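To start, the structure itself, in structure tokens.
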Amino acid sequence: MIIQNSNFNIMQIAESGQCFRMNRVQDSDERMKYGVVAYGEYLEITQLSDDQLELSCSEEEYHRLWEDYFDLTYDYGKLVKNLIEGEDLFLSEAAEFGKGIRILKQEPYEAAISFIISQNKNIPAIKSCIEAICTRYGERKVCEKCGGKEYFTFPAPKVLAEAIKEDLRALKTGYRDTYIISISKAIAEGSLNLDELKHISFEEAVRTLKKIRGVGDKVANCIALYGLHHISGFPVDVWILRVLDEIYQNQFELEKYAGYAGIVQQYMFYYMRHKKGVA
DNA sequence: AGCCAGGTGACCG
DNA sequence: CGGTCACATGGC
């Protein structure tokens with residue numbers, strides 16, 4: 001099916017470092033086409049033009065799943081316009097440059113494991129590690145609508161709860177192996193429920209998340225932002241540190257963006273990496 | 001060949 | 001609280 005949206009650029013979303021299972025797939029044309037696995041399903045997205053995309057799903061599946069996943073009921077256009085017209089030159093440029101980015105609503109558990117793995121790894125390494133985990137522990141499925149494309153779902157907590165440390169190590173998790181098993185066990189046995197954290201305040205959610213082994217302030221903010229859709233989340237990684245330091249001399253006023261700081265952060269991250277020639 | 005990567009926990013004063 | 005250090009391992 002085809003959708004219209006002038007703030008939806010699939011290449012920008014895929015390169016924005018918020019999800020790790022969205023990859024470019026070859027198209028007969030030179031068009032940007034990406035595939036993503038989420039919620040046990042596989043979807044291909046083709047950018048037909050600046051404001052038009054083709055999704056490889058039925059309308060039923062779109063309304064049941066992907067419309068929410070891509071946060072398509074939120075008006076990013078209004079926010080982008082305000083930032084572009086605002087006083088802050090860097091943010092104005094960043095919003096203009098990344099105006100097709102949206103904050104995805106990923107599965108909380110997948111976001112948690114993904115960002116626990118992300119620490120001290122670069123994005124390509126994170127992606128290959130997660131893909132290896134899905135191939136080893138996920139469920140194999142085939143997408144008939146996509147020419148019989150084979151894919152692996154993200155494993156359930158109870159599966160990784162019973163994983164062997166050495167097996168995880170073989171998939172390049174490094175010292176994070178025990179973190180992965182620990183959080184998975186907590187969820188599998190019911191002492192931790194990530195979904196519940198969607199319905200409490202952002203601050204309280206972060207406080208709870210930071211009690212998990214391997215989850216510090218940065219990862220907690222990532223889980224809150226990308227897995228719980230607490231868009232007040234403002235993850236500070238090495239790139240955002242550079243922005244805060246080099247652009248704002250550590251005088252950035254986060255309070256100005258209260259309530260949607262996570263979206264601002266995403267434009268900053270994407271733009272700074274571009275300026276430094278990484279992406 | 002080293003330094004860096006969407007950091008965290010432990011330990012220190 | 002703020003500073004330092006080890007951690008496991010691929011990317012570039």
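Predicted model, so just to flag it, every value in this text is computed and none were measured. Chain A is the first sequence line, chain B the second, and so forth, proteins listed ahead of strands; every chain is numbered from 1.
Contact annotation for A:K121: base contact, defined as any heavy-atom pair under 4.0 Å involving a base atom. Across all strands shown, A:L168 has no heavy atoms under 4.0 Å from either base or sugar-phosphate atoms. A:V215 comes within 4.0 angstrom of sugar-phosphate atoms only, judged by non-hydrogen atoms across all strands, and of no base. In this structure, A:S16 reaches the bases: a heavy-atom distance under 4.0 Å links it to at least one base atom across the strands shown. Using a 4.0 Å heavy-atom distance criterion, A:D217 is classed as a sugar-phosphate-only contact. Within the nucleic acid shown, A:Y270 has no heavy atom closer than 4.0 Å to any nucleic acid atom.
Distance CD1 (A:I117) to C1' (C:dA8): 13 Å, rounded to an integer number of Å. Whole-Å rounding puts the A:K127 NZ to B:dG6 C1' distance at 13 Å. One interatomic measurement links the two molecules: NZ of A:K165 to P of C:dA8, which rounds to 11 Å at whole-angstrom precision. In this entry the distance linking CD1 of A:I240 with P of B:dG7 reads 11 Å, nearest Å. With rounding to whole Å, A:L209 atom CG is found 12 Å from B:dG9 atom P. Summarising the geometry, the separation between CG on A:L104 and P on B:dG6 is reported as 18 Å, rounded to the nearest angstrom. Taking atom CZ of residue A:R273 and atom C1' of nucleotide C:dG11, one finds them 12 Å apart after rounding to whole Å. Atom CG in A:D177 sits roughly 9 Å away from atom P in C:dA8 (whole-Å rounding).
Closest to the A:R242 side chain, of the nucleotides B:dC4, C:dA8, C:dG11, is B:dC4. Listed nucleotides: B:dT8, B:dG9, C:dG10. Nearest to the side chain of A:N122: C:dG10. Of all nucleotides listed (B:dG9, C:dG10, B:dG7), C:dG10 comes nearest to the side chain of A:K172.
Nucleotides C:dG10 and B:dG9 are separated by 23 Å at their P atoms, to the nearest Å. Of the P atoms belonging to C:dA8 and B:dC11, the separation is 16 Å, rounded to the nearest Å. As rounded to the nearest Å, B:dG7 and C:dC12 have P atoms that lie 16 Å from one another. Spacing between C:dG3 and B:dG6 at atom P, rounded to whole Å, works out to 24 Å.
You'll find a donor-acceptor pair under 3.5 Å spanning the side chain of A:Q266 and the base of B:dG6, going by distance alone. In terms of polar N and O atoms assigned as donor or acceptor, the side chain of A:Y179 never comes within less than 3.5 Å of the base of B:dG7 in a complementary pairing.
Put simply, A:K218 has no side-chain N or O that comes within less than 4.0 Å of OP1 or OP2 on B:dG6. Distances shorter than 4.0 Å separate none of the side-chain N or O atoms of A:R169 from OP1 or OP2 on C:dG10. At the phosphate of B:dT8, neither OP1 nor OP2 sits under 4.0 Å from any side-chain N or O atom of A:R176.
For the pair A:G17 and A:G214, both in contact range of DNA chain B, the more 5′-proximal nearest nucleotide belongs to A:G17. When each of A:S128 and A:N120 is assigned the nucleotide of DNA chain C bearing its nearest heavy atom, the one mapping closer to the 5' terminus is A:N120.
In the model, A:Y42 has a side-chain atom that pairs as donor or acceptor with a side-chain atom of A:E44 under 3.5 Å. In the model, A:Y109 has no side-chain atom that pairs as donor or acceptor with a side-chain atom of A:D195 under 3.5 Å.
Contact check on A:E166 versus A:R169 returns no salt bridge, with no Lys/Arg side-chain nitrogen under 4.0 Å from an Asp/Glu carboxylate oxygen.
Within 6.0 Å of NZ on A:K185 lie no more than 12 heavy atoms contributed by other residues, nucleotides or ligands. For CG of A:D50, the number of neighbouring non-hydrogen atoms (other residues, nucleotides, ligands) closer than 6.0 Å is 12 at most.
The six-membered or imidazole ring of A:Y257 lies away from that of A:F234, with a centre-to-centre distance of 6.0 Å or more.
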*Run the numbers on A:Y267 and A:F97 for ring pair (Phe, Tyr, Trp, His ring centres under 6.0 Å), then give the verdict.*
CA-CA 8 Å; A:Y267 298 138; A:F97 183 71; over 10 Å; no
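Put simply, A:F269 rests on the base of B:dG6: the two rings are less than 5.5 Å apart at their centres and nearly parallel, under 30°.
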